[in-house]
Protein chains: 2
Amino acid sequence: MSAETWLEQLHDNGYRITAARRAVVDTVFSSTHALTPSEVHDAARKKYRALGLVTVYRTLEKLEELHLVQRVHQPMGCQAFIAAGIGHQHLLLCQQCGRVEFFEGDDLDALTSSIAKKTGYQIKEHWLQLFGLCSDCK
Amino acid sequence: MSAETWLEQLHDNGYRITAARRAVVDTVFSSTHALTPSEVHDAARKKYRALGLVTVYRTLEKLEELHLVQRVHQPMGCQAFIAAGIGHQHLLLCQQCGRVEFFEGDDLDALTSSIAKKTGYQIKEHWLQLFGLCSDCK
DNA sequence: TTCTTTATTGAAAATCATTTTCAATAATTA
DNA sequence: TAATTATTGAAAATGATTTTCAATAAAGAA
Ligand SMILES: [Mn+2]
Ligand SMILES: [Mn+2]
Ligand SMILES: [Zn+2]
Ligand SMILES: [Zn+2]
């Protein structure tokens, strides 16, 4: 899979291929880091100087819609708060009404050591979050 | 654990107990939904009309620092993007340099059905994300 | 209790991120 | 090539968050 594939996919979905989109696609396609719209803008402007930030937002929107990019959540990123769980717990959210529950008892040790071995990372923590419908909403 | 405990903890850490903080604490402590600063403001103003939105931000900041509240990430919340993984994959992020890897092979079926039974939720999807240090950074 | 000190407050202003509007431009296809 | 229409970037509008500041109120000392 190459950056060209992304452009083809855009085209196949009725979107035009432009210099601006090329620059954004090339940038995001090959990045090994999660990039904010502003970071994409800075990087992509090296390839296409006239690129506007608005176009970056609009192109990311389309790439997300086509499932070519995905969002990366980082610790300080979302502004929504709930009373913290006690000890090691994770969240379960209702996709309909927003109700939040905590659960515990996950065991990811086998998984994390296998991933650590495969990737060479030293794994420090994990996030696990479940989504579904609560008893009222389902 | 009660809302009073949170106020005591604030006090024990050198913060003063005020009507504004009481209102925010009472609101967040007892919520079953994740609340944005603005939602906290709306709700808490029913208890303390003069409450300013700025104070909500400042109080949440302190509650987070004391680990009394935690952030809740929701699908559209974070603006940072990366080329999507193919099929069912999850992310591993380097806390030092931001490098992102994908991994697969997690099996959470046993866990999710156990949680479904315990909570009455119908579980539709899960997020799993690992954090650590990449081979260069560790 | 009263006094003193100093953290905390809310309003307003400033900043930063995101979205909308719009006329000019460029990609598509007939 | 010409006509159509999606796309563009600039600028303006909106929305969220942070900073500044003078007034106030909590806490501890007297
Ligand atoms: Mn866990
Ligand atoms: Mn999985
Ligand atoms: Zn997030
Ligand atoms: Zn690293």
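Naming: A, B, ... by sequence-line order, numbering from 1 per chain.
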What's the [atom1]-[atom2] distance between [X] and [N], to the nearest Å?
X	N	atom1	atom2	value
Leu53(B)	dG15(D)	CG	P	14 Å
Glu61(B)	dA7(C)	CD	P	16 Å
Arg21(A)	dT28(C)	CZ	C1'	13 Å
Arg22(A)	dT8(D)	CZ	P	12 Å
Leu7(A)	dA27(C)	CG	P	13 Å
Asn13(A)	dA27(C)	CG	C1'	17 Å
Tyr57(A)	dT21(C)	OH	P	17 Å
Glu39(B)	dG15(D)	CD	P	16 Å

Next on the checklist: Nearest to the side chain of Ala20(A), heavy atoms from C-beta on, is which of dT17(D), dT8(D), dT18(C)?
Outcome noted: dT8(D)

Checklist entry - What are the two closest heavy atoms between Leu133(B) and Cys94(B), and how far apart are they? => result CA-SG, 4.0 Å

Checklist entry - Would the His73(B) and Trp127(A) ring centres measure less than 6.0 Å apart? => result yes

Checklist entry - Arg58(A) near the nucleic acid: base, sugar-phosphate alone, or nothing, with a heavy-atom cut-off under 4.0 Å? => result base

Item to check | Any Pro37(B) side-chain heavy atom under 4.5 Å of His41(B) side chain | outcome: no

Checklist entry - Toward the 5' end of DNA chain D, which comes first, Lys62(A) or Val54(A), by nearest nucleotide? => result Lys62(A)

Item to check | Contact pattern, 5' to 3', of nucleotides 25-30 of chain D - B, S or - by protein heavy atom under 4.0 Å | outcome: BBS---

Checklist entry - For the side chain to side chain donor-acceptor pair (under 3.5 Å) test, which of Glu125(B), Gln74(B), Gln122(B) pairs with Gln95(A)? => result Glu125(B)

Item to check | NE2/His33(B): more than 12 non-hydrogen atoms of other groups inside 6.0 Å | outcome: yes

Checklist entry - Glu101(B): what forms a side chain to side chain donor-acceptor pair (under 3.5 Å) with it, not counting sequence neighbours? => result Arg99(B)

Checklist entry - Taking only N and O in the side chain of Gln79(A), is any of them less than 4.0 Å away from OP1 or OP2 of dT17(D)? => result yes

Checklist entry - Atom OG1 of Thr36(A) and atom CG of Asp42(A): how far apart are they, to the nearest 0.5 Å? => result 8.0 Å

